[in-house]
Amino acid sequence: VEELAPSRSLARHPLFQVMLTVQNNTDAALDLPGMVPSDLAKGAPAARFDLDVNVGEVFDEQGAPAGLRGTVVAAADLFDQESVERLTRRWVRLLESLDAIMDAPLSAVDVLDDAERRQVLDAWQGSPAAWPPAPVMREIEAQADRTPDGVAVVSGSVHLTYAQLDARANRLAQYLVTHGVGPESPVGVALERGIDMVVAMLAVWKAGGVYVPIDVEYPVERMAWMLADAAPAVVVTEEEIAGRLRRPSGAEWVVLDDPAVAAGLAELPDERPEIVVSGSGLAYVIYTSGSTGVAKGVGVAHAGLVNLVEVFGPMMGVGPGVGVLQFASFGFDASVLDVVVTLARGGRLVIALPAERADAGLLRELVTTARVSAASVVPSLLEVVDPADWAGVQALLVGAEPIAVETARTWSWGRRLVNTYGPTEASVMVAAGLIEHNGAGGAVPFGRPIANTRLYVLDDTLAPVPPGVAGEVYIAGVQLAR
């Protein structure tokens, strides 16, 4: 140990954690003149390492090899008996299969038995569900027809009913169509946080286009790169922001607070455009840094949004009149979840203004006065606000970051706290799990696959690993029955 100087930890042996001993020497005979030796039971063995495997050869009556027999001793503070037995069964299966795969690579060995394979490939996957094939904005339109006078969006002192939101989105959609927006045309949206951002999102979809949000708090160079890469047909923006943007080549500029644009919108009827939008068509492109730091556009289809509504609407308790906080940046895909889940189920979308996002006191006042009862936020936000100030919030989705165990325990008291996981490429969320207040210690799991979603933990050869074995997570996206 002194010579190798490995990194030290009191949790493990410094050189190795698993010891394998193969006893294949001739058995020693104890011959003491005048004495007859016999075996004495030595009691339960003590674990010297995490796992201590001892194997000896067995011979039949004729002295021919008859296999191996041995024991596995495991440290009880690291393994329970069931885990050790499962690990041992897998090792035995590997040994039994060696003669059949002697010339194959080790990766060809399958350590899963049939029951375990069915478990990881089928039983633990999201249940299939057939949702309506129409895109999500049709559900929002249907909600506007059911509750036209219900409040749809709140931003500062401005409130829009479902009828008003639908009418404004319809007029802007028609305006976009007259300016060249068609099926799957990318439309950049660079607006300050507020109601216009939601109106523009819905208008793009109603026009058949693809919503491309540009967070106006990004550096100028990043916004310019995103617009150039997305090559939008139209950019919806405001005069002050337009002065900071570089117009992409060939793009139309729709400046909402330009008097000419405002007058043109006012003259349009508020009927819904007769545009056919496929559930399999693109709904939005969100730019994410990925692992290299270079922004990449990720396209997501309408079908994935329908799945979000059907899964997370009930999970968050969203229904007519229920206040849902919209806190995430509109350049982050969680904002799409906030909008579609809330509006498709008749809730009130409460948009936190920039000042409210930056000040815990102002945010507390908003959550209280707007009667917010559900929200999706990052765990780090929960670490800087007081749970007592959010007493009315009965359902919380957390994601995008790991949640600390203590934070999970604190915020799961008296409310529904759901830990979620999902990459941008897979429609915001692919896994969700309810966090129990009295749950066991250790890392908080990110949940189980949601409906119509399959998650696989694979090794570096893309074979499924046994339960409890580390690997990489692979996702099969939403597949909706038609």
Side-chain angles (χ1 to χ4, degrees), residues 135-137 139-140 143 150-156 158-160 162 165 169 189 191-205 211 213 215 217 283-284 286 288 300 302 304-354 356-357 363 366-367 370-382 390 392-401 416-422 424 426-430 432 450:
V136 74
M137 85 272 194
E139 293 190 44
I140 297 173
Q143 186 62 49
V151 176
V153 189
V154 178
S155 180
V158 182
H159 296 62
L160 277 191
Y162 273 88
L165 174 64
V189 179
L191 298 168
E192 294 286 357
R193 293 181 60 82
I195 285 177
D196 280 345
M197 196 75 188
V198 178
V199 170
M201 179 190 297
L202 300 182
V204 171
W205 290 341
Y211 164 69
D215 190 328
E217 295 183 0
Y284 62 88
I286 292 275
T288 177
V300 175
H302 285 281
L305 302 186
V306 175
N307 207 56
L308 288 181
V309 170
E310 299 295 340
V311 170
F312 290 102
M315 198 175 292
M316 297 175 70
V318 182
V322 171
V324 180
L325 179 66
Q326 199 294 299
F327 184 86
S329 162
F330 278 95
F332 180 43
D333 61 350
S335 65
V336 179
L337 179 146
D338 296 335
V339 172
V340 299
V341 171
T342 304
L343 298 182
R345 296 184 68 87
R348 285 181 299 110
L349 187 70
V350 180
I351 301 176
L353 297 175
E356 292 163 336
R357 295 178 76 229
L363 185 60
L366 174 67
V367 166
R371 304 188 318 282
V372 169
S373 60
S376 63
V377 297
V378 291
S380 53
L381 175 65
L382 301 183
W390 286 38
V393 180
Q394 296 301 302
L396 278 170
L397 297 187
V398 291
E401 305 167 350
R416 176 185 291 265
L417 179 64
V418 179
N419 197 27
T420 62
Y421 166 82
T424 304
S427 304
V428 190
M429 303 295 191
V430 295
I450 65 173

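What you are looking at is a predicted structure, and each value in this text was computed from that prediction instead of being measured.
Checked against side-chain hydrogen bond (donor to acceptor under 3.5 Å, both in side chains), Ser373 has no partners two or more places apart in sequence or in another chain. Applying the side-chain hydrogen bond (donor to acceptor under 3.5 Å, both in side chains) test to Glu139 and every residue at least two apart in sequence or in another chain returns nothing. Glu192 meets the side-chain contact (heavy atoms from CB on, under 4.5 Å) test with Val216, Glu238, Glu240, Ile241, Arg244; sequence neighbours excluded. For Phe332, the ring pair (Phe, Tyr, Trp, His ring centres under 6.0 Å) test picks out no residue, with sequence neighbours left out. In this view, Thr424 and Ile286, Thr288, Val298, Asp333 satisfy the side-chain contact (heavy atoms from CB on, under 4.5 Å) rule, not counting sequence neighbours. Under the rule for a side-chain contact (heavy atoms from CB on, under 4.5 Å), the partners of Ile140 that lie at least two apart in sequence or sit in another chain are Leu202, Leu343, Ala344. In this view, Pro135 and Met137, Arg138, Val277, His302 satisfy the side-chain contact (heavy atoms from CB on, under 4.5 Å) rule, not counting sequence neighbours.
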Contacts table for residues 309-319: side-chain donor-acceptor under 3.5 angstrom, sequence neighbours left out:
none

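Within the 4.5 Å cutoff, the side chain of Leu396 has heavy atoms near those of the Leu382 side chain. You'll find the side chain of Arg357 reaches within 4.5 Å of the side chain of Ser329, heavy atoms only. Looking only at side-chain heavy atoms (C-beta outward), Val398 and Val377 come within less than 4.5 Å of each other. Side-chain contact between Asn307 and Ser427: absent, with no pair of heavy atoms (C-beta onward) separated by less than 4.5 Å. The side-chain heavy atoms of Pro213 and Met197, taken from C-beta on, include a pair separated by under 4.5 Å.
Residue pairs meeting the salt bridge (charged side-chain N to carboxylate O under 4.0 Å, His left out) criterion with at least one partner in residues 193-205, sequence neighbours excluded, are Arg168-Asp196.
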For side-chain contact (heavy atoms from CB on, under 4.5 Å), just list the numbers for Leu308 and Leu305, CA-CA rounded to whole Å, side-chain angles, deciding distance to a tenth of an Å, and then say yes or no. CA-CA 5 Å; Leu308 288 181; Leu305 302 186; 4.0 Å; yes

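Shortest non-hydrogen contact noted between Ala370 and Val350 is CB-CG1, 3.7 Å. Contact between Ala352 and Phe327 at its shortest, heavy atoms only, is CB-CD1, 4.3 Å. The heavy-atom pair separating Leu381 from Leu363 by the smallest distance is CD1-CD2, 4.1 Å. Across every non-hydrogen atom of Thr420 and Ala432, the tightest pair is CG2-CB, 4.1 Å.
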